[in-house]
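What follows is one structure encoded as structure tokens, with my remarks underneath.
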Amino acid sequence: MKTLHKTFALIALVSSSAVFAASDFDTLDTDGNGAISQSEAAVNADLIAAFTELDTDGNGELSKAEFANF
């Protein structure tokens with residue numbers, strides 16, 4: 001039973017680490033063009049939910065300055 005609990009704890013830790021890593025601008029900007037597209041943002045549910053509000057210039061991408069408000 002202890003092994004099962006440790007396994008679940010490890011899975012939770014790895015999952016949360018992946019979400020945390022996907023909240024960094026450079027990590028999300030997978031194509032390296034200096035902006036985050038909606039498809040790049042899709043890996044972070046909170047970011048995609050706020051995307052339209054953050055995209056203040058309405059160009060469909062988030063600049064570093066726009067992302068800084070996240």
Rounded to the nearest 0.5 Å, how far does CD1 of Ile36 lie from CZ of Phe70?
9.0 Å
Apply side chain to side chain contact (heavy atoms under 4.5 Å, CB included) to Leu47 and Leu62, showing your working.
CA-CA 10 Å; Leu47 179 58; Leu62 298 180; 3.7 Å; yes
Quick one: do Glu61 and Ser37 satisfy side chain to side chain donor-acceptor pair (under 3.5 Å)? Show the steps, please.
CA-CA 5 Å; Glu61 297 180 324; Ser37 67; over 6 Å; no
So, Asp46 side chain and Ala50 main chain: donor-acceptor pair closer than 3.5 Å or not?
no
Test Thr27 against Glu40 for side chain to side chain contact (heavy atoms under 4.5 Å, CB included), laying out the working first.
CA-CA 9 Å; Thr27 301; Glu40 290 170 323; over 6 Å; no
Just how far is it from atom CG of Asp31 to atom OG of Ser39, taken to the nearest 0.5 Å?
8.0 Å
Asp24 side, atom CG; Leu28 side, atom CG - distance, nearest 0.5 Å
7.0 Å
About how many Å separate CD of Glu66 and OG1 of Thr56, when rounded to the nearest 0.5 Å?
4.0 Å
Output the distance between atom CG (Asp55) and atom CZ (Phe51), rounded to the nearest 0.5 Å.
5.5 Å
